[in-house]
> 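Here you go, one structure.
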Amino acid sequence: MIRRDFVKSAFTATSATLMGGAAMAANQTTPTTGKHNFKLAYAPHFGMFQNSAGKDPIDQLKFMADMGFTALEDNGMMGRPVELQTKIGETLAKLGMTMGVFVVDKGGNSQNTLAAGKQAHVDIFLDGCKRAVEVAKRCNAKWMTVVPGDFERNLPIGIQTGHVIDALRRGAEILAPHGLTMVLEPLSDSPNLFLQTSDQTYEICRAVNSPACKILFDIYHMQKTEGHIIPHIDWCWSEIGYFQIGDNPGRKEPTTGEINYKNVFKHIYTKMKANNQNFIFGMEHGNSKPGKEGEEALIKAYVESDSFTV
């Protein structure tokens, strides 16, 4: 497998991530510095650099660290073999990297909707939360993505919202004792999905009223659904636990679409420092170009977007 062989040295950085003002438990060893010294904790996915690092996920992690990325995001972590989950966690710790979100397995984004108030759907969700606790222990994760499912259109919206809140409260009771947080993701993928906007998600998080339930603010989805990105971030700030990235149109790396990510990143960074917080920024997007050239272009795009001054 292809690996970068330049020597790493220790650097002074905060790898523990704060969410809602509370410090994340730190499981890492001393972080190491890579080629780029990013201001924010950008989290690539496996496969994003496989042309440069090879197909082995551990080699890909090492390449990410060599390039200066300080976090990882892996939506499919719950489906990986237990041994690999553990190895990923151990490697992240050695590299001084933080584990970002994985998706709680509840049968797919639109499936087993919590808005229906059906016990069978709630049971599937709660079982996913219980299994997620064990996965999080293996890979040193704190955050996990939850999508409540589709609308139950034969019920009034207020009743649906109440059902979602009730289910999420029960999920939070499972996660909170372990210091874990589910982050609710409003999506633009389908008009059938119950959770659509950041303000709706804010309202639900306030009602659940638990540090184990926060917002996953995916900038790509929110640009499509509501726009007005920076004001929405400000309005929802107290309930945001995690960010994801993707430019629009196309859902590729920053600089390939209409979103001025340099300004958005600068705004979040300034607000983070004023509030003594940090967040992970999941790179949940594709590469705009194929092959190794595309991977180099992706890194260049993040260097450019992270080059804001404060």
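Values reported hereafter were calculated over all heavy atoms of this structure, with side chains retained and with hydrogens, waters and symmetry mates removed. Counting begins at 1 with the first residue of the sequence. Note that the structure is predicted; figures quoted are calculated from it, not measured.
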> Do Glu284 and Arg251 meet the salt-bridge criterion of a basic N to acidic O distance under 4.0 Å?
yes
> Assess whether atom NZ of Lys289 is packed by more than 12 heavy atoms of other residues, nucleotides or ligands within 6.0 Å.
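Atom NZ in Lys289 is not crowded, with 12 or fewer foreign heavy atoms closer than 6.0 Å.
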> Find out if a path of hydrophobic residues (ILVMFWY) with successive side-chain heavy-atom gaps under 4.5 Å connects Met182 to Leu180.
yes
> Just checking, any donor-acceptor pair under 3.5 angstrom between side chains of Trp237 and Gln277?
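Yes, Gln277 and Trp237 have a side-chain donor paired with an acceptor closer than 3.5 Å.
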> Would you list the pairs meeting side-chain hydrogen bond (donor to acceptor under 3.5 Å, both in side chains) in which at least one residue belongs to residues 297-306, sequence neighbours left out?
Tyr42-Asp306, Lys262-Glu304, His285-Tyr302
> Mark yes when over 12 heavy atoms from residues, nucleotides or ligands other than Lys130 sit less than 6.0 Å from its NZ; otherwise mark no.
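12 or below, so no.
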> Quick check, are the ring centers of Phe265 and Tyr261 under 6.0 angstrom apart?
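That pair passes the under 6.0 Å test.
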> Regarding Glu239 and Thr201, do their side chains bring together a donor and an acceptor under 3.5 Å, going by distance alone?
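The answer is no; no qualifying pair exists.
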> For a quick check under 3.5 Å, do Glu295 and Ser52 share a side-chain donor-acceptor pair by atom type?
yes
> Not counting sequence neighbours, which residues clear side chain to side chain donor-acceptor pair (under 3.5 Å) with Asn263? List them please.
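In terms of side chain to side chain donor-acceptor pair (under 3.5 Å), with neighbours along the sequence ignored, Asn263 is linked to no residue.
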> Relative to the ring of His228, is the ring of His232 parallel (under 30°), tilted (30 to 60°) or perpendicular (over 60°)?
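It falls in the perpendicular class, over 60°.
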> Which of parallel (below 30°), tilted (30 to 60°) and perpendicular (above 60°) describes Phe63 and Phe49?
tilted
> Just checking Lys39: does its NZ atom have more than 12 heavy atoms from other residues, nucleotides or ligands closer to it than 6.0 angstrom?
yes
> Leu175 vs Met144, test: side chain to side chain contact (heavy atoms under 4.5 Å, CB included). Steps then yes/no.
CA-CA 10 Å; Leu175 301 175; Met144 49 224 60; 3.9 Å; yes
> Short question: side chain of Glu185, backbone of Val146 - any donor-acceptor pair under 3.5 Å?
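Looks like no, no N/O pair under 3.5 Å.
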> Has Gln200 got more than 12 heavy atoms of other residues, nucleotides or ligands less than 6.0 Å from its CD?
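Enclosed.
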> Below 4.5 Å, heavy atoms only, C-beta onward: do Met48 and Leu298 meet side chain to side chain?
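Yes; the side chains approach each other to less than 4.5 Å.
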> Give a yes or no on whether a salt bridge exists between Asp127 and Arg131, defined as a side-chain N under 4.0 angstrom from a carboxylate O.
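Yes, charged N to carboxylate O under 4.0 Å.
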> Answer yes when Glu134 and Lys137 have at least one side-chain N-carboxylate O distance shorter than 4.0 Å, and no when they do not.
yes
> So, Gln223 and Glu258: side-chain donor and acceptor under 3.5 Å apart, yes or no?
yes
> Which is it for Lys214 and Tyr242 under the side chain to side chain contact (heavy atoms under 4.5 Å, CB included) test, yes or no, and what are the steps along the way?
CA-CA 8 Å; Lys214 295 294 178 180; Tyr242 197 97; over 6 Å; no
> Please name the pair of heavy atoms, one in Ala115 and one in Leu155, separated by the smallest distance, quoted to 0.1 Å.
O-CD1, 3.9 Å
> Is it true that Asp56 and Gln60 share a donor-acceptor pair across their side chains at a distance under 3.5 Å?
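No, Asp56 and Gln60 have no side-chain donor paired with an acceptor closer than 3.5 Å.
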